[in-house]
Structures are given as C-alpha cells and as structure tokens.
Amino acid sequence: MRDIDNRSDFNQSVHNSASVTRSDKQAQQSTTAIIIERRPLIRDLLSRCLTWASGFDVVAVATVEEGLKYAPSIDPRVVLLSVIGSSQSDDNQQLVERATQAFGDTAVVVLSDVEELQQVVDALKAGSRGYISTSMSLDVAVEALRLVRAGGQFLPANCVVGPGSAAPVDAAPVVEERRTTVQGLFTARQAAVVEALRRGKANKIIAYELNMRESTVKVHVRNIMKRLKARNRTEVAYIINQLVSGNKVACEAGDL
C-alpha cells in the first residue's frame with residue numbers, strides 16, 4: 001500500500017512539474033499589450049475582449065503617462081492607442097506623436113472611429129505602426145495587432161492607395177513606404193504570408209516565423225494564388241512586386 005501511495009505521490013509530482021513547465025513556457029510566449037483609452041466603460045470592454053480573443057496579457061490605462069508607469073515592469077510588445085474624433089485635430093495629433101515617442105521601440109497602433117485616408121497618413125507620419133478602425137471585426141483587429149507585434153504594419157484595406165487612386169500629394173511617400181497590406185487585397189494574416197512568399201521563403205519557414213501550422217500556411221497560399229490569379233508561387237512574388245512598385249496588373253482590387 002505504501003508503494004502505491006509513493007507511486008501516486010511521484011505521479012502527482014511529475015504532473016505538477018509538467019504543469020509548472022507548461023505555465024513557464026506560456027508565460028515566456030505571452031504578449032503584453034497596453035490599451036490607452038480614457039473612457040472607463042470602453043476601456044474595460046476593450047481590455048476584456050482583447051484578452052479573450054488574443055490571449056494577450058492586457059494592461060488598460062486612461063493616459064499615455066499612466067501607461068509609461070507600467071511599461072518598465074511589463075515590457076509591452078504593442079500599445080493600442082484609442083483616438084476619439086479626428087486625428088487631424090492638433091490635440092489628437094500631439095497625442096499620437098507623444099505616445100510613439102514615449103514608448104520608443106514598442107509599436108503603437110491607433111484605434112479610431114474614423115477611417116479616412118488622410119487620417120491614416122497622419123497617424124503613420126506621427127510614428128504609429130498601424131491603424132485599426134472600429135468598423136473592423138474583433139478577429140481582424142486581433143490579427144492586425146499580431147502582425148504589428150511580429151514587426152509588420154497594418155492599414156485598413158480601403159485606405160491603402162491602389163494603382164490609379166487619387167490621394168493627397170503628401171500621402172504618397174508614406175503609403176508607398178508602408179504598403180504592407182498589398183493594395184488592400186489581403187487580410188493582415190495573408191499579407192504576412194504574401195511578404196514571406198515575396199522573399200522566397202518555404203512553407204515550413206513561414207509557419208515557424210508566423211507561428212502557424214504548415215497546413216494553415218498552405219491554405220493561405222492557395223487563397224492568395226486564387227485571389228491573384230497566379231499559377232504558382234513565382235507568379236505570386238512577381239505580381240506582388242508589381243503591386244508594391246505601383247504598376248498595374250490584371251488582378252487589381254477592382255477586378256477581384
């Protein structure tokens with residue numbers, strides 16, 4: 001009976017050790033995000049929704065200054081900055097600039113009810129790494145934050161300048177430089193796969209770098225090829241390079 005008890009204690013000890021190991025790994029892989037939103041109810045809702053949908057560790061605060069107090073101890077990977085009203089107002093423009101400068105290398109993403117090209121451009125000029133509109137779904141917003149966390153940039157699809165589109169003169173250099181959603185043809189996740197394909201990376205490497213299953217990468221590749229009317233990965237790379245350079249190709253957004 002004592003041997004059985006000992007074995008039981010040993011098994012329980014192994015189970016507990018395994019649980020601790022898994023928890024440690026999860027802690028190492030977790031991402032901390034700061035939400036800056038001055039309205040208490042919206043702040044609480046954003047925090048709960050983002051935590052539930054993304055698995056991020058979320059710290060929600062009312063001001064940039066309050067977020068900076070937490071930053072040294074939590075090492076945030078991304079900051080979601082809620083901007084109320086038009087970001088073209090001096091107050092909001094200064095808010096975005098202050099946040100991007102204060103958080104340094106930490107990516108700042110603007111959240112706004114407004115989805116206009118000039119406002120997106122202004123946010124990019126101020127140093128933000130992405131722009132999320134409240135017209136997007138929660139799933140899309142989460143994928144946008146993951147893309148930014150991984151080093152990419154995210155813009156609303158209908159705000160990206162496409163070939164032949166009219167845009168403010170001062171918008172062209174910024175949008176051209178940061179055209180990471182590839183003319184608005186793809187979701188944030190697909191855009192990350194597209195960029196990897198453009199660099200000639202294999203599915204296994206893409207899966208590893210983007211933290212996806214290889215089977216998921218294959219699905220994305222098939223959908224990308226279908227959307228671009230490409231027959232193979234080489235054609236995908238060629239078409240994307242043409243789109244990024246601003247040249248017209250047969251698969252413009254209006255033709256899809």
Side-chain angles (χ1 to χ4, degrees), residues 31 33 46 49-50 52-56 77-78 80 107-117 119-121 123-124 128-163 165 175-199 201-230 233 235-244 249-256:
T31 294
L46 284 172
C49 287
L50 186 58
W52 174 80
S54 68
F56 290 178
R77 295 289 301 280
V78 64
L80 183 62
V108 174
V109 177
V110 171
L111 173 68
S112 176
D113 294 331
V114 181
E115 192 173 313
E116 297 175 354
L117 175 59
Q119 179 150 323
V120 175
V121 171
L124 295 178
S128 71
R129 288 269 296 279
Y131 191 101
I132 295 176
S133 166
T134 53
S135 65
M136 298 176 186
S137 69
L138 178 60
D139 288 341
V140 172
V142 168
E143 290 304 319
L145 290 174
R146 285 174 175 157
L147 177 64
V148 171
R149 176 198 61 181
Q153 295 165 326
F154 180 85
L155 308 178
N158 63 341
C159 285
V160 178
V161 177
S165 299
V175 175
E176 180 66 27
E177 178 184 353
R178 305 189 180 210
R179 194 177 296 180
T180 53
T181 49
V182 194
Q183 310 300 338
L185 296 178
F186 305 109
T187 65
R189 208 61 169 160
Q190 288 174 334
V193 174
V194 165
E195 180 60 23
L197 289 175
R198 193 165 73 91
R199 296 175 182 274
K201 295 181 179 180
N203 287 349
K204 286 186 178 180
I205 301 300
I206 298 173
Y208 174 77
E209 292 183 347
L210 299 180
N211 195 25
M212 293 182 184
R213 294 181 181 274
E214 189 174 352
S215 58
T216 303
V217 174
K218 291 179 179 178
V219 171
H220 281 312
V221 171
R222 285 199 299 270
N223 290 335
I224 290 166
M225 289 173 60
K226 181 178 179 181
R227 197 167 183 82
L228 293 176
K229 302 182 178 71
R233 298 161 70 99
E235 286 192 1
V236 169
Y238 172 77
I239 292 171
I240 293 303
N241 283 328
Q242 293 297 303
L243 288 174
V244 170
V249 293
C251 55
E252 292 178 3
D255 297 331
L256 298 177

>> Within the 4.5 Å heavy-atom criterion, are L111 and L46 side-chain neighbours or not?
In response: yes
Residues at least two apart in sequence or cross-chain that pass salt bridge (Lys or Arg N to Asp or Glu O under 4.0 Å) with R233, listed by chain then number, are none
Correct closest heavy-atom pair for A144 and I132 would be CB-CD1, 4.0 Å
Open item on the list: For L50, is there any backbone N or O sitting under 3.5 Å from a side-chain donor or acceptor partner on S54?
Closed with: yes
So CD1 of I206 and OG1 of T216: to nearest 0.5 Å the spacing works out to 12.0 Å
Note to self: Under the criterion side chain to side chain contact (heavy atoms under 4.5 Å, CB included), I'd like the reasoning laid out for R129 against V108: C-alpha separation, chi angles, the key distance, then a yes or no.
What the structure shows: CA-CA 6 Å; R129 288 269 296 279; V108 174; over 6 Å; no
Residue pairs meeting salt bridge (charged side-chain N to carboxylate O under 4.0 Å, His left out), one or both in residues 130-139, sequence neighbours left out, come to none
Does any non-hydrogen side-chain atom of Y131 lie less than 4.5 Å from one of L124? no
Shortest non-hydrogen pair, A123 vs S128, comes out as O-OG, 2.8 Å
Quiz item: With distance as the sole criterion, is a donor-acceptor pair present between the side chains of T31 and R77 under 3.5 Å?
Solution: no
Salt bridge (Lys or Arg N to Asp or Glu O under 4.0 Å) filter on R146, not counting sequence neighbours, yields E143
With sequence neighbours left out, the residues meeting side chain to side chain donor-acceptor pair (under 3.5 Å) with S135 are E115, S133
Does the side chain of T187 reach to within under 4.5 Å of the side chain of F154, using non-hydrogen atoms?
no
In terms of heavy-atom contacts, Q119 and S112 come closest through NE2-OG, 3.0 Å
Contacts of A53 meeting side chain to side chain contact (heavy atoms under 4.5 Å, CB included) (sequence neighbours excluded), chain-then-number -> L138, V142
Is there side-chain contact between L145 and F56, with heavy atoms separated by less than 4.5 Å? yes
Side chain to side chain, L147 and R189, heavy atoms closer than 4.5 Å
no
Query - V193 vs L210 side-chain heavy atoms within contact, under 4.5 Å - result: yes
### pair V217-R213: side-chain heavy atoms closer than 4.5 Å
no
